[in-house]
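First listed ligand is number 1; within each ligand, the first listed atom is number 1. Counting begins at 1 with the first residue of the sequence. Predicted model, so just to flag it, every value in this text is computed and none were measured.
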Amino acid sequence: MSSAHNLNPAETTAALREWYRGAARDLPWRVPPGSNRVPDPYHVWLSEVMLQQTTVAAVRGYFRRFLLRWPDVAALAAADDADVMGAWAGLGYYARARNLLKCAREVTAQGGFPTDEAGLRALPGIGPYTAAAVASIAFGARAVVMDGNVERVMARLFAVETPLPDAKPLLYAHADRLTPDAGAGDHAQAVMDLGATICTPKKPACGICPVHSWCAGRLQAAALPRKRPKPPKPIRVGHVFMARRADGALWLEQRPQKGLLGGMLGFPGSDWCEDPVGFAPPFAAPWQEAGEVRHSFTHFHLRLAVHAASVPMDAPGDYIAAAHFCDSALPTVMRKVFRAGHAALAPA
Ligand code: SF4
């Protein structure tokens with residue numbers, strides 16, 4: 001639901017256009033508003049793909065280096081995969097770099113970028129946002145460009161109380177109402193610039209905002225967009241065993257490569273489940289209760305009952321000598337287990 005207000009789409013769009021003419025950020029991939037130059041689709045596409053994962057400040061250098069090395073899409077298509085992956089290093093999400101290359105090769109095979117959203121969407125690694133951005137900015141098509149910035153500006157301008165993600169269709173409809181038939185690319189960039197420089201997430205500068213007069217949400221701007229509260233994280237429980245020999249060596253195992261903490265060192269133990277699990281010590285030893293370790297992962301909270309024992313030199317298991325062990329090599333949760341177990345046992 002959005003509250004009633006007197007936003008006039010034509011006036012709001014005109015005010016944004018006017019503001020953008022004077023305040024557009026100077027970006028290396030951008031053609032300034034009012035310029036006669038036509039934006040290069042390769043520049044627009046490359047910058048939008050890079051910007052999906054990091055900030056404008058970080059992308060500037062990568063963009064410049066890519067253009068120096070691969071000045072057009074055909075040059076990028078002919079590049080060695082390893083060279084492109086190397087040049088991408090530091091931008092993260094390597095699947096995007098692989099898709100970038102696939103896309104460059106497909107575009108080159110097709111003889112150029114498709115000029116409409118549907119054609120662009122069909123290319124590897126191009127989602128709705130990038131397709132709309134390239135179609136409108138590079139080809140002047142009327143396309144509605146939605147990303148987190150645009151959603152925030154629309155939620156505020158139209159005082160949308162519905163929380164995200166349910167509000168997405170409504171925010172899209174509002175963005176659609178404001179998108180002009182001509183100049184959709186500049187309009188999209190104006191909204192993005194407004195979101196990046198004035199209608200910022202935490203402290204929107206409503207006092208200097210060019211669309212202040214039409215904004216229904218300015219008095220509650222910092223609270224918009226609303227977000228659906230996240231469901232509470234489940235709690236998983238388990239048991240973990242720290243066996244220490246008289247020479248200080250510790251029983252540790254490498255966790256399976258796949259799954260949580262994959263390939264990292266850890267103390268052996270039970271599975272981690274939402275229902276309490278029964279447990280049997282891995283072998284007979286004077287196991288002591290060494291307290292509970294709590295740790296939060298992205299999707300759940302973990303509570304581990306720690307059992308610690310001093311074990312004989314011929315106890316079963318793979319041991320790491322004290323001289324080769326450094327607790328900083330353990331993932332955080334296992335470091336907590338080590339501290340709890342260590343505190344419960346008499347000095348080795
Ligand atoms: Fe954002 Fe404030 Fe401008 Fe509204 S008036 S669009 S809340 S900066």
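Panel note: side chain Asp72, backbone Ala74; a donor-acceptor pair is recorded below 3.5 Å.
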(message) With salt bridge (Lys or Arg N to Asp or Glu O under 4.0 Å) as the criterion, how do Arg121 and Asp116 come out once you've worked through the C-alpha distance, each side chain's angles and the decisive distance to 0.1 Å?
(response) CA-CA 9 Å; Arg121 276 296 299 277; Asp116 63 336; over 6 Å; no
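Checked against the 6.0 Å centroid threshold, Phe279 and His307 count as a close aromatic pair. Less than 6.0 angstrom separates the ring centroid of Phe325 from the ring centroid of Phe338. A centroid separation of 6.0 Å or more is found between the aromatic rings of Phe241 and Trp251.
Using cut-offs of 30° and 60° for the angle between ring planes, the His295 and Phe297 rings count as perpendicular.
Sorted by chain and number, the protein atoms of type N, O or S within less than 2.8 Å of atom 4 (Fe) of ligand 1 are Cys215 SG.
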